[in-house]
2 protein chains.
Amino acid sequence: MRKDLNMLVKIFVKFDGLDEDSIDQFLDIAILKDFKKGELLVREGEVCDKLFFVEQGLVRSFYHKEVKDVTISFSLAGEFITSMSGFITQKPTYENIEALEDCVVLEFGKEKLNELFVREPNWVNIYRQILEEYYVKLEEHLIFSKFKTAKERYYELINKKPQIIKTASIGQIASYLGINIETLSRIRAGR
Amino acid sequence: MRKDLNMLVKIFVKFDGLDEDSIDQFLDIAILKDFKKGELLVREGEVCDKLFFVEQGLVRSFYHKEVKDVTISFSLAGEFITSMSGFITQKPTYENIEALEDCVVLEFGKEKLNELFVREPNWVNIYRQILEEYYVKLEEHLIFSKFKTAKERYYELINKKPQIIKTASIGQIASYLGINIETLSRIRAGR
DNA sequence: TGAATTTTTTGACATTTGTCAAATGACTTT
DNA sequence: AAAGTCATTTGACAAATGTCAAAAAATTCA
């Protein structure tokens with residue numbers, strides 16, 4: 001097993017039914033990649049057939065709404081990320097995913113994953129758990145963004161993912177919170 | 001196969017790898033239930049270990065926020081429904097699911113489902129597809145509720161699920177749209 | 001370093017949505 | 001039908017957030 005992939009190993013011990021051999025099977029189909037700050041992991045308009053795991057760094061998922069870009073999510077080291085809806089439906093995605101800083105990423109092709117699922121039904125369950133986790137997170141985010149004020153949402157973000165505040169721009173954070181730049185600026189100024 | 005379960009059959013032909021025998025396996029673990037208008041399929045504070053499929057009728061999922069209740073979703077005939085996050089995590093759920101009209105529902109216990117998944121790995125893939133569909137829907141809903149005005153959201157609901165406008169109360173619809181009763185009333189009045 | 005560019009903050013004001021109280025309408029029960 | 005209850009609408013005003021223009025601060029680049 002690749003002992004240098006700290007994050008992946010750390011995350012996988014959470015899942016049921018995984019020993020070192022299983023993890024090796026998974027790593028066999030992974031491609032280790034570097035993305036420089038600003039590079040795109042996923043590009044809108046293309047079919048997204050890859051699942052990514054962030055080993056190091058920070059990525060942002062966003063889409064374009066008229067002239068602005070709107071942040072969907074930030075993903076830290078130790079998280080899976082893809083255009084989930086695009087990955088599921090295999091239609092051209094509206095999402096972009098960019099590296100907010102230099103990143104080390106594991107890339108899993110959908111084809112290879114499906115082959116693995118056929119070969120090792122055990123892994124379908126792992127993928128299921130990833131999906132489930134993804135779902136619960138999205139639901140939390142929905143409730144978070146629907147029923148809290150802009151101020152509450154900002155302070156909750158500071159607590160939960162302080163790295164983001166440091167790395168992302170005001171505009172990126174504002175669109176994630178669903179408010180405009182000026183409003184966020186005022187919240188930060190404490191007004 | 002139970003030919004009277006129109007909706008279930010209609011939905012299942014969408015999924016890959018399902019023949020009549022497979023569907024029968026699934027129905028073997030299902031319990032067919034009637035819920036009268038107002039009855040609860042899922043109750044907050046309890047662990048939700050059931051997945052439901054709405055054969056007939058309309059159900060609403062909601063939770064309590066202070067004194068008000070907040071609608072999370074409406075589910076029509078032909079849709080699966082449960083407290084997905086509660087079902088996944090097996091922690092006491094904050095969700096209630098109620099019948100908005102008399103309903104016919106198929107109930108699938110989590111235990112029985114897991115047994116089926118072990119016995120027939122094929123079914124893990126079906127469950128995966130249900131989860132995936134759920135996820136895509138939730139993501140659409142998030143974008144819908146985050147980046148449209150109250151008015152846009154209301155008219156979109158009218159188009160997509162007109163049955164809901166007829167059956168649900170103003171208060172239930174308003175909280176689903178994330179606005180208060182008076183605002184919805186004004187949108188309806190065209191102001 | 002200093003000019004140019006970009007990002008963030010501030011101010012004045014507009015718009016959207018919320019709050020509270022009261023009025024109206026619909027439905028139930030007797 | 002009258003009284004009581006509940007749901008919905010309306011009005012007056014308040015609070016939150018958005019828009020646009022300009023200023024200030026930070027960053028980039030020559």
Side-chain angles (χ1 to χ4, degrees), chain A residues 36-39 58 60 62 64-71 74 98-102 141-158 162-191, chain B residues 36-39 58 60 62-71 74 96 98-102 141-158 162-191:
Chain A
K36 294 283 161 213
K37 179 175 176 173
E39 287 180 339
L58 172 63
R60 178 178 79 109
F62 65 96
H64 285 99
K65 188 190 175 169
E66 287 127 47
V67 286
K68 292 178 188 170
D69 75 53
V70 178
T71 301
F74 297 101
E98 67 169 359
L100 281 190
E101 49 188 45
D102 293 354
H141 180 67
L142 176 70
I143 290 173
F144 160 86
S145 70
K146 202 165 174 180
F147 303 112
K148 309 222 167 187
T149 65
K151 202 174 286 186
E152 288 173 323
R153 299 200 301 276
Y154 178 66
Y155 287 119
E156 205 164 313
L157 182 63
I158 289 183
Q163 304 97 308
I164 289 168
I165 309 290
K166 284 179 210 134
T167 311
S169 74
I170 297 283
Q172 291 167 350
I173 296 170
S175 73
Y176 176 70
L177 296 174
I179 56 181
N180 66 18
I181 291 177
E182 294 91 334
T183 300
L184 178 54
S185 184
R186 287 182 180 111
I187 289 170
R188 282 155 58 94
R191 287 177 304 157
Chain B
K36 295 284 161 213
K37 179 174 177 173
E39 286 180 340
L58 172 64
R60 178 178 80 109
F62 65 97
Y63 70 91
H64 285 99
K65 188 190 175 170
E66 288 127 47
V67 285
K68 292 177 189 169
D69 74 53
V70 177
T71 301
F74 297 101
N96 296 280
E98 66 169 0
L100 280 189
E101 48 187 46
D102 293 354
H141 181 66
L142 176 71
I143 289 172
F144 160 85
S145 70
K146 201 166 174 180
F147 303 112
K148 309 220 166 185
T149 65
K151 202 174 286 186
E152 289 172 322
R153 299 201 300 276
Y154 178 67
Y155 287 119
E156 206 164 313
L157 182 64
I158 288 181
Q163 306 97 307
I164 289 168
I165 309 290
K166 285 180 209 133
T167 311
S169 74
I170 297 282
Q172 291 167 350
I173 296 170
S175 73
Y176 176 70
L177 296 173
I179 56 181
N180 65 20
I181 291 177
E182 294 91 334
T183 300
L184 179 53
S185 183
R186 288 182 180 110
I187 289 171
R188 282 155 58 94
R191 287 176 304 156

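First the proteins, then the strands, lettered A, B, ... as listed; each starts at 1.
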Taking C-beta and beyond as the side chain, do B:I173 and B:T71 meet within less than 4.5 Å on heavy atoms? no
B:S169 side chain N/O closer than 4.0 Å to the phosphate oxygens (OP1, OP2) of D:dA7? no
From B:E156 atom CD to B:I158 atom CD1, the distance as rounded to the nearest 0.5 Å: 11.0 Å
Main-chain N/O of A:L100 paired to A:R60 side chain as donor or acceptor, under 3.5 Å: no
Hey, what are the protein-to-nucleotides 22-25 of chain C N/O distances that come in under 3.5 Å?
none

Expected output is a numbered-order residue list: members of residues 171-181 of chain B with a heavy atom under 4.0 Å from any atom of DNA chain D. What is it? B:G171, B:I181
Polar atoms only, N or O, under 3.5 Å: list the protein pairs with nucleotides 20-27 of chain D and their distances.
{"residue": "D:dC20", "atom": "N4", "partner": "A:E182", "partner atom": "OE2", "Å": "3.0"}

Among the nucleotides D:dT8, C:dT17, D:dT19, which one has an atom lying closest to any side-chain atom of B:I170? D:dT8
To the closest 0.5 Å, what do you measure between CD (B:E98) and CD (B:Q172)? 5.5 Å
With axes from five pairs an end, tell me the bend angle of the helix from C:dT1-D:dA30 to C:dT30-D:dA1, nearest 10°. 40°
Ignoring hydrogens and angles, tell me if any N or O in the side chain of B:S185 forms a donor-acceptor pair with the backbone of B:I181 under 3.5 Å. no
Taking all heavy atoms of B:L184 and all of B:I170, pick out the closest pair and write down the distance. CD2-O, 3.5 Å
Kindly indicate whether the side chain of B:H64, heavy atoms from C-beta on, has any atom under 4.5 Å from the side chain of B:N96. yes
Distance (rounded to the nearest 0.5 Å) between A:L142 CG and B:H141 NE2: 5.0 Å
Applying side-chain contact (heavy atoms from CB on, under 4.5 Å), name anything that partners A:K36, two or more places apart in sequence or on another chain. A:E39, A:D102
A:T183 side chain, from C-beta outward: closest of C:dT17, D:dG18, C:dT10: D:dG18
Which residues share a side-chain contact (heavy atoms from CB on, under 4.5 Å) with A:T149, sequence neighbours left out: A:K151, A:E152
Below 4.5 Å, heavy atoms only, C-beta onward: do A:Y154 and A:R188 meet side chain to side chain? yes
Mind checking whether B:I179 and B:I187 have side chains closer than 4.5 Å, heavy atoms only? yes
Rounded distance in Å - NZ (A:K68) to P (D:dG18): 8 Å
Quickly work out the B:L184 CG to C:dG18 C1' distance and round it to whole Å. 14 Å
Do the non-hydrogen side-chain atoms of A:Y176 and A:I164 ever get within less than 4.5 Å of each other? no
Report yes if at least one side-chain N or O of B:R188 is closer than 4.0 Å to OP1 or OP2 of D:dT8; otherwise report no. no
To the nearest Å, give me how far apart OH (A:Y154) and C1' (C:dT8) are. 12 Å
C:dT9 OP1/OP2 closer than 4.0 Å to side-chain N/O of A:S185: yes
